[in-house]
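In listed order, ligands and their atoms are each counted from 1.
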Amino acid sequence: MKVLMVCLGNICRSPVAEGILRHKAQVHGLDIEVDSVGTGNWHVGQAPDIRSQKVAKSNGIDISSLRGRHVSKADFSNFDLILAMDNANYKDLLKLASTPAEQAKVKLILDYAYPNQQLDVPDPYFGSESGFDSMFVLLDEAIEKLVEELKG
Ligand code: 4NP
């Protein structure tokens with residue numbers, strides 16, 4: 001199973017989501033490959049925002065070696081599940097997908113914890129550090145549910 005986490009910049013939300021899923025997959029002995037990308041290309045090659053690194057580290061997860069990558073058309077064939085952090089990312093991904101089968105791989109990540117509510121993981125980039133803490137809690141909840149589902 002290959003899972004792609006997607007946000008706008010690939011420096012705040014999706015690298016944390018990638019780190020959490022990697023960590024939980026290891027804990028549960030699940031064979032999952034994880035990567036993350038941005039729908040925007042401004043932060044290609046950059047390490048995650050220092051505030052994201054900090055909240056991950058304080059929860060035992062090291063994301064310092066991750067680097068920003070821009071989403072590509074090939075990602076839709078390479079990954080089985082493509083998880084959008086918010087509704088804007090979701091819409092951008094649906095536009096990039098080449099086929100209905102590729103579109104069907106795209107889901108909102110918070111649907112795992114809060115089904116049918118179309119909730120966003122709020123973008124913490126322009127806010128205060130507390131936004132990064134609440135982002136972590138939301139992602140952890142959703143990814144815990146995802147892992148339960150993948151365990152079957
Ligand atoms: P992310 O946050 O999508 O969670 O990585 C953002 C990071 C940077 C920008 C926007 C969102 N930006 O406009 O540079």
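The N/O atoms of I11, backbone and side chain alike, include one that comes under 3.5 Å of an N/O atom in ligand 1. Taking only nitrogen or oxygen atoms, main chain and side chain alike, G9 reaches within less than 3.5 Å of ligand 1.
With respect to atom 4 (O) of ligand 1, the closest heavy atom belonging to the protein is R13 NE, 2.8 Å. For atom 5 (O) of ligand 1, the closest non-hydrogen atom on the protein side is C12 N, 2.9 Å. The protein atom (non-hydrogen) at minimum distance from atom 2 (O) of ligand 1 is D123 OD1, 3.1 Å. Nearest to atom 1 (P) of ligand 1 among the protein's heavy atoms is C7 SG, 3.5 Å.
Shown here is Q117, whose CD atom has more than 12 heavy atoms of other residues, nucleotides or ligands within 6.0 Å. Residue-environment remark: NZ (K57) stays at or below the threshold of 12 foreign heavy atoms within 6.0 Å.
Side-chain polar atoms of D92 and N89 form no donor-acceptor pair below 3.5 angstrom.
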### Derivation and outcome, side chain to side chain donor-acceptor pair (under 3.5 Å), residues Y112 and E141
CA-CA 8 Å; Y112 286 94; E141 269 183 286; over 6 Å; no
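Cation-pi geometry between K2 and F79 is satisfied (NZ or CZ under 6.0 Å from the ring centre, within 45° of the ring normal).
Close contacts between ligand 1 and L8 involve ligand atoms 3 (O), 10 (C), 11 (C) [criterion: under 4.0 Å to a heavy atom].
The closest side-chain heavy-atom distance from L30 to I32 is below 4.5 Å.
For H43, the heavy-atom gap to ligand 1 drops under 4.0 angstrom.
Judged purely by atom type and a 3.5 angstrom limit, K107 has no side-chain atom pairing as donor or acceptor with the backbone of L81.
In N10, the part holding a heavy atom less than 4.0 Å from any atom of ligand 1 is the backbone.
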